[in-house]
**Q** 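Sending over a structure as structure tokens; questions will come in a sec.
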Amino acid sequence: MTVTPNSPSPHRLPVVIVGAGPAGLTLGNLLRAASVDCVVLETESRESIERRPRAGVLEEWAVRGLERHGLADNLLARAERHTACEFRFDGERYRFPYHQLTGRHHFVYPQPLLVTDLVREYADVRGGDIRFGVRDVHPHDLDTDRPSVSYTSPETGERQVLHCEFVAGCDGARGVTRAALPPERARVARHDYGIGWLALLAEAPPSSDCVLFGCHPRGFAGHMPRSPEVTRYYLQCPPGDDPENWPHDRVWRELRTRLAAAGQPPLTEGALIERRVLDMHDYVVEPMTYGRLFLAGDAAHLVAPIAAKGMNLALHDAFLLADALVARFTQGDPRGLDGYERASLRRVWDYQEFSQWLSEVYHGAAAGDAFRAGTTAARLRRLFTSPVAAAAFAEQYLGTAERY
Ligand code: FAD
């Protein structure tokens with residue numbers, strides 16, 4: 001329910017969720033399932049968020065979490081199960097059969113499909129309130145017990161105010177809620193890799209049944225199946241590079257070179273339907289909470305797509321925050337909210353460390369430094385000669401540690 005700033009006794013919502021990505025939509029669904037009222041505010045249109053291509057790799061625990069809350073029916077029916085990945089270096093292929101080692105697998109389900117499922121469930125099935133196309137979203141009075149969020153309505157152009165008890169900042173890396181943390185309280189720990197990735201989507205079937213990592217002296221190349229018709233590719237490039245420097249022929253020539261392996265058929269080529277440069281960096285914002293504001297997902301921590309972890313962490317936060325808010329509203333129990341940041345950050349920092357480790361495996365051979373090339377080769381060899389190293393890698397790659 002919306003009120004203007006001058007209303008005498010504003011209705012107070014339990015929770016306002018800023019941002020309808022995987023974190024915000026999962027949180028919204030879980031709150032509605034527990035009869036905790038909320039409103040989701042989103043700057044983009046429904047069509048736009050349902051089409052935005054990004055992630056695809058989901059860890060098994062995250063899918064089981066969605067399944068427990070009735071949010072994984074389509075995913076379980078349509079996602080592909082991946083049981084291995086393959087490193088290509090020195091012109092050879094080295095398959096890493098993580099399912100054989102652990103009994104676990106990854107699910108591959110494009111992020112737009114997951115977002116579409118989550119919006120449909122929240123808005124159409126569970127009757128949740130979600131407002132698309134809102135402008136100039138601002139949180140207020142977060143350090144009081146009466147916070148609010150204001151925004152401009154796309155229909156009327158008027159300012160609206162939602163009074164609430166808690167604000168969930170799920171508005172991603174470019175949102176506004178993180179900026180509401182007072183600068184003297186917030187610490188942004190940031191790591192820049194000093195490299196770029198040209199992120200590509202090709203209208204072409206995958207050229208292998210699994211993810212391929214090309215660790216090549218010319219730079220990293222990745223092949224990530226997304227669906228029978230579409231494949232994501234990555235090419236290491238200078239940070240800030242212009243995607244226009246990468247015409248069709250150059251892209252496919254580099255991919256063929258960097259992913260080459262003896263005896264393998266050539267890549268299946270296709271039209272490039274997305275081509276953009278990502279400057280690879282990570283950050284973690286601490287604290288993730290301020291007064292009545294709780295950050296979740298990319299708003300609080302970004303992990304470069306090196307190990308395909310970001311969406312998984314967004315879902316992890318949504319599960320934790322939903323449990324904590326539901327306990328607070330249904331039992332008056334504040335302990336989940338008090339421990340939210342600590343519980344989130346244990347997995348976040350673990351995944352950040354793994355991404356750094358894996359980054360060196362991907363990029364060391366192209367660093368132009370004989371020492372780094374040597375240690376990178378040693379890391380790769382160890383994966384395929386030491387069962388202990390292989391087990392440790394599988395655990396981190398799948399996110400299956402018993403405790404974080
Ligand atoms: P987002 O998905 O960014 O959602 C935030 C939402 O908030 C958006 O809809 C945005 O429009 C909205 N918003 C922004 N500002 C405002 C505002 N002021 N008010 C209201 N709404 C606002 N992760 C994986 O786990 N596996 C992968 O395979 C993987 N691959 C990736 C590949 C690429 C090329 C990229 C770029 C990322 C990849 N990731 C991957 C990361 C993953 O996409 C993100 O971590 C994930 O989208 C984070 O979800 P989120 O809900 O926190 O934020």
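Each ligand, and each atom within it, is numbered from 1 in the order the structure gives. Along the sequence shown, residues are numbered consecutively beginning with 1. Bear in mind that the values here come from a model prediction, so they are computed numbers and not experimental data.
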**Q** Side chains of Asp279 and Tyr193: do they bring a donor and an acceptor to under 3.5 Å?
**A** no
**Q** Do Tyr351 and Glu59 meet the criterion of a side-chain donor-acceptor pair at a distance under 3.5 Å?
**A** yes
**Q** Indicate yes or no: does Arg95 engage Asp209 in a salt bridge with an N to O separation below 4.0 Å.
**A** yes
**Q** What does the 4.0 Å heavy-atom contact list look like for ligand 1?
**A**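 Around ligand 1, where the cutoff is 4.0 Å for heavy atoms, the contacting residues are Val18, Gly19, Ala20, Gly21, Pro22, Ala23, Leu41, Glu42, Thr43, Glu44, Ile49, Arg52, Arg54, Ala55, Gly56, Val57, Gln111, Val137, Cys170, Asp171, Gly172, Gly175, Val176, Arg226, Arg232, Tyr234, Arg276, Leu278, Gly297, Asp298, Pro305, Ala308, Lys309, Gly310, Met311, Asn312, Ala314.
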**Q** Under a 4.5 Å cut-off applied to non-hydrogen side-chain atoms, are Cys237 and Trp246 in contact?
**A** yes
**Q** Would you call Asp124 and Arg46 a salt bridge, using N to O less than 4.0 angstrom?
**A** yes
**Q** Measure from the side-chain N and O atoms of His223 to the backbone N and O of Phe213, and report whether any donor-acceptor pair falls under 3.5 Å.
**A** no
